[in-house]
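Start at 1 and go down the list; that is how both ligands and their atoms are numbered.
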Amino acid sequence: MSGIICYENVDICYNGSPVIKKVSFSAEKGEILGIAGESGSGKSTLIKAAIGLLGKNGSVTGGKIWYEEKNLLDLNAKELRKICGSEIGMIFQNAGSSFCPIRTVGEQLLEEMKEHRKIKKAEFEDEAAEMLAKFGFQDPKRILKSYPFELSGGMQQRVGVAAAMLLKPKILLADEPTSALDVSIQKQVVEQMKMIREQYGTTILIVTHNIGVIRAMADSMLVLKDGKMEEYGKTQEVLSHPQSDYTKRLLAAIPVLRR
Ligand SMILES: Nc1ncnc2c1ncn2[C@@H]1O[C@H](COP(=O)(O)OP(=O)(O)OP(=O)(O)O)[C@@H](O)[C@H]1O
């Protein structure tokens, strides 16, 4: 298997109990791969494992996760910290809740950026404003000066996605980035991610229980059931010829989110 990121027979346990069983897939540069499955099937666990976010209960007990030529599982904490954010970015469900309420958005983004790059405040402000403008924010400097509570939840999420791109990571791991949003904002976030792929050639792994989101943006998709791969292939093929009853059930529940 080749690709910029490649999972090879990955097994993951929490407290010794298997949660992910022999999962293998890969994504090329610029590919968007959707990971679907019912709640508890292991979707978040699968992507968190790549960047060492399984917590103290979790461990990868088998397999390899290749990023370019490196097995991410062989890296120590310092090496992984260096890659996280700058080469592999992450967006969570509630970007807003990861902002500190008493500091401006700009201060927080600058601090994060400084962990990876030497950058002066003025230079950061220009780069961040340019990135926010690209994503349709009318007054990006005002956004940077805002406190999180001054932005709506949808805006916080869109700022979070733009912020994840400040360091131009090659891979973006997106964990339910649209779930907490209403349908029109969901659509904007989907468009934002498609634009990221177009402009930067970013590979995106997106975890979602919403197959409508996968249909709207993913080239390929993986369906997980109880930690095992139920289906894996081109999105069009999986959606038009689902092999298992489980996938058919998931497809029957697709909310509307047109391309
Ligand atoms: N830190 C943890 N410690 C112990 N068990 C965990 C931990 N995190 C997740 N689990 C368990 O692992 C399984 C997979 O969880 P995971 O969050 O990856 O599923 P998911 O498909 O992303 O679910 P959801 O769609 O609800 O977010 C679940 O049974 C969950 O209870």
Side-chain angles (χ1 to χ4, degrees), residues 5 7-25 27 32-65 72-73 77 80 84 88-98 153 157 160-161 164 171-183 185-186 189-190 193 204-218 220-233 235 238-239 242 244-255 257:
I5 186 153
Y7 281 60
E8 199 182 300
N9 286 320
V10 173
D11 294 311
I12 302 172
C13 291
Y14 285 115
N15 300 315
S17 304
V19 172
I20 293 290
K21 300 151 197 162
K22 296 266 170 290
V23 169
S24 300
F25 65 88
I32 301 181
L33 175 100
I35 301 173
E38 285 175 351
S39 180
S41 55
K43 306 180 295 295
S44 301
T45 298
L46 198 57
I47 60 165
K48 282 182 184 160
I51 48 174
L53 286 183
L54 292 179
K56 60 179 178 11
N57 298 334
S59 58
V60 180
T61 49
K64 299 191 164 70
I65 304 178
L72 291 170
L73 306 174
L80 208 50
C84 281
I88 303 180
M90 179 114 197
I91 316 166
F92 295 97
Q93 181 170 344
N94 285 310
S97 61
S98 58
Q157 188 68 347
V161 177
I171 298 175
L172 203 51
L173 306 177
D175 193 355
E176 298 277 10
T178 62
S179 309
L181 308 172
D182 67 40
V183 174
I185 311 280
Q186 277 183 22
V189 171
V190 165
M193 285 193 282
I204 302 176
L205 304 191
I206 175 169
V207 159
T208 178
H209 65 272
N210 182 341
I211 293 197
V213 168
I214 292 186
R215 181 169 63 183
M217 66 183 278
S220 50
M221 67 181 283
L222 170 74
V223 178
L224 272 185
K225 181 181 181 229
D226 300 329
K228 287 196 197 137
M229 292 171 72
E230 187 79 357
E231 318 241 0
Y232 174 45
T235 302
V238 174
L239 293 183
S244 70
D245 289 343
Y246 176 79
T247 309
K248 285 178 194 159
R249 271 205 315 278
L250 284 181
L251 298 189
I254 297 186
L257 193 85

Test side chain to side chain contact (heavy atoms under 4.5 Å, CB included), reference Met217, set Thr235, Val189, Ile32, output is Ile32
Polar side-chain atom of Tyr232 near backbone of Val238 as donor-acceptor pair, under 3.5 Å:
no
Between the main-chain N or O of Ser244 and the side-chain N or O of Glu231, is there a donor-acceptor pair closer than 3.5 Å?
yes
Does ligand 1 have a heavy atom under 4.0 Å from the side chain of Lys48, from its backbone, from both, or from neither?
neither
Ligand-side contact atoms (ligand 1) for residue partner [X], heavy atom cut-off under 4.0 Å:
X: Val19; answer: 12 (O), 13 (C), 14 (C)
X: Asn57; answer: 3 (N)
X: Lys43; answer: 18 (O), 19 (O), 20 (P), 21 (O), 22 (O), 23 (O), 24 (P), 25 (O)
X: Glu38; answer: 21 (O)

Closest non-hydrogen atom pair between Leu46 and Ile12, with its separation
CA-CD1, 4.4 Å
Can you give me the closest heavy-atom contact between Tyr14 and Gly58, atom names plus distance?
CD2-CA, 3.4 Å
Do me a favour and list the nearest non-hydrogen protein atom to [atom] with residue, atom name and distance?
atom: atom 6 (C) of ligand 1; answer: Tyr14 CD1, 3.3 Å
atom: atom 26 (O) of ligand 1; answer: Ser39 OG, 2.6 Å
atom: atom 27 (O) of ligand 1; answer: Ser44 OG, 3.9 Å

Determine, counting only non-hydrogen atoms of the protein, whether one lies under 4.0 angstrom from atom 11 (C) of ligand 1.
yes
Any protein heavy atom lying closer than 4.0 Å to atom 31 (O) of ligand 1?
no
Contact check, [X] vs ligand 1, heavy-atom distance below 4.0 Å:
X: Ser41; answer: yes
X: Gly40; answer: yes
X: Gly42; answer: yes

Once rounded to the nearest 0.5 Å, what's the spacing between atom CD of Glu230 and atom CG of Leu250?
9.0 Å
Judged by heavy atoms only, the candidate from Thr208, Thr45, Asn15, Ile47 nearest atom 18 (O) of ligand 1 is Thr45
So for atom NZ, which belongs to Lys248, do other residues, nucleotides or ligands contribute more than 12 heavy atoms lying within a distance under 6.0 Å?
yes
How are the rings of Tyr7 and Phe25 set to each other: parallel, tilted or perpendicular (split at 30° and 60°)?
parallel
Identify whether the distance between the nearest side-chain nitrogen and carboxylate oxygen of Asp11 and Lys22 falls below 4.0 Å.
yes
